[in-house]
Protein chains: 2
Amino acid sequence: MIGGFEQMVLLAALRLEGGGYAVTIRQELQERAGRHVARGALYTVLERLESKGYLSSRMGDPSPERGGRSRRYYKVTTLGVNALKDSKDAIVGLWQGLESVLGKIT
Amino acid sequence: MIGGFEQMVLLAALRLEGGGYAVTIRQELQERAGRHVARGALYTVLERLESKGYLSSRMGDPSPERGGRSRRYYKVTTLGVNALKDSKDAIVGLWQGLESVLGKIT
DNA sequence: CCCTAATGCCTACGTTGTAGGCAAAATAAA
DNA sequence: TTTATTTTGCCTACAACGTAGGCATTAGGG
């Protein structure tokens, strides 16, 4: 089973379609999910996701900018996509029909 | 921030509208999310959610069945509902528009 | 060359996830 | 009334995930 934060990282990487690396993935999380993550934290998660086979990575060429060190680009694997589907199905099953109950309490 | 599994437990409890206890919540998780959980594991999570203020509990009267020990019923608090809303917003933001990308890969 | 900027990675620890087994409480059976 | 069986709650221990600070590496600018 995939963790909640891993799921988010995977989704961010998926949206960037193989062209994302740590910095852009981090931005994605910040902007789309309003979630702040320390840089180091993200690298740890990316590494774990790759070791589980949900992500694959490749080193790019250095970019012609100041401090433009080579970036590690991440791509979601088929296994990763399936994991995302599963976790989505699980959460959707639990949410189904709950909007009304939510309103009843709020 | 609330964890992924805690979120599921909270949703199961929410659906049962205060009339759920460990056994029924566990069934809910199994049936709606296809998620098997050991009994002990669930009690731990319920306890943690209550200590964080996302759940409140009350002991019921014994039921007139064989082994009908008193049950601890759980109810999602306002704080819990808000936590659910937040986590939903975060994940929805990341999923938005991704169904097409998902299909492109599959 | 030294400085600064961008990125990757190591290390350590707090939090959440998971389950096995024991204990208690209640009825059924003997 | 004693013993067995069932249902449920809870304790304990460990694995996995979440989180961040700081160091290292590589690149261009002065």
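FYI, side chains are in, hydrogens and waters are out, and symmetry mates aren't considered; it's all heavy atoms of this structure. Numbered from 1 within each chain, the chains take letters A, B, ... in sequence-line order.
Residues A:Tyr21 and A:Leu16 fail the side-chain proximity criterion, which asks for heavy atoms closer than 4.5 Å. In this structure, the side chains of B:Ser57 and B:Lys75 stay at 4.5 Å or more apart for every pair of heavy atoms. You'll find the side chain of A:Val23 reaches within 4.5 Å of the side chain of A:Gln27, heavy atoms only.
From the 5' end on, the contacts that DNA chain C makes with chain B at under 4.0 Å to a non-hydrogen atom open and close at C:dT16 to C:dA28.
Spacing between atom CD of B:Glu47 and atom P of D:dG9 amounts to 12 Å, rounded to whole angstrom units. Computed from coordinates, the B:Met1 CE to D:dT19 P distance equals 8 Å when rounded to whole Å. For A:Tyr54 and D:dA16, the OH to P distance is 13 Å, given to the nearest whole Å. In this entry the distance linking CG of B:Leu55 with C1' of D:dG9 reads 16 Å, nearest Å. One atom, CD1 of B:Ile2, and another, C1' of D:dT19, lie 18 Å apart when rounded to the nearest Å. Here the P atom of nucleotide D:dT7 and the OH atom of B:Tyr21 are 9 Å apart, to the nearest Å. Between A:Gln30 atom CD and D:dA20 atom P there is a gap of 11 Å when expressed in whole angstrom units. Nucleotide D:dC23 holds its P atom 13 Å from the CZ atom of A:Arg39, rounded to whole Å.
A salt bridge does not link B:Glu6 with B:Arg48: none of the charged nitrogens is closer than 4.0 Å to a carboxylate oxygen. A salt bridge links B:Glu99 to A:Lys88: at least one charged side-chain nitrogen sits closer than 4.0 Å to a carboxylate oxygen.
For the helix from C:dC1-D:dG30 to C:dA30-D:dT1, the end axes, each set by the C1' atoms of five terminal pairs, are bent relative to each other by 10° (nearest 10°).
Among the protein residues, A:Val45 comes within range of the nucleic acid bases, having at least one heavy atom under 4.0 Å from a base atom. At the heavy-atom level, A:Arg26 lies nowhere under 4.0 Å from the strands shown. Contacts of B:Tyr43 with the nucleic acid, taken as non-hydrogen atoms under 4.0 Å apart, include base atoms. Among the protein residues, A:Gly40 comes within range of the nucleic acid bases, having at least one heavy atom under 4.0 Å from a base atom.
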Produce the list of close N/O pairs, under 3.5 Å, pairing protein atoms with atoms of nucleotides 27-30 of chain D; give distances to one decimal.
residue: D:dA27; atom: N3; partner: A:Gly67; partner atom: N; Å: 3.4
residue: D:dG28; atom: N2; partner: A:Arg66; partner atom: NH2; Å: 3.1

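Of the two residues contacting DNA chain D, namely B:Arg48 and A:His36, the nearest-nucleotide position lying further toward the 5' end is that of B:Arg48.
Nearest heavy-atom pair, B:Ala90 versus A:Met8, reported as atom, atom and distance to 0.1 Å: CB-CE, 4.0 Å. Contact detail for A:Leu79 and A:Gly53: the closest heavy-atom pair is CB-O, 3.7 Å.
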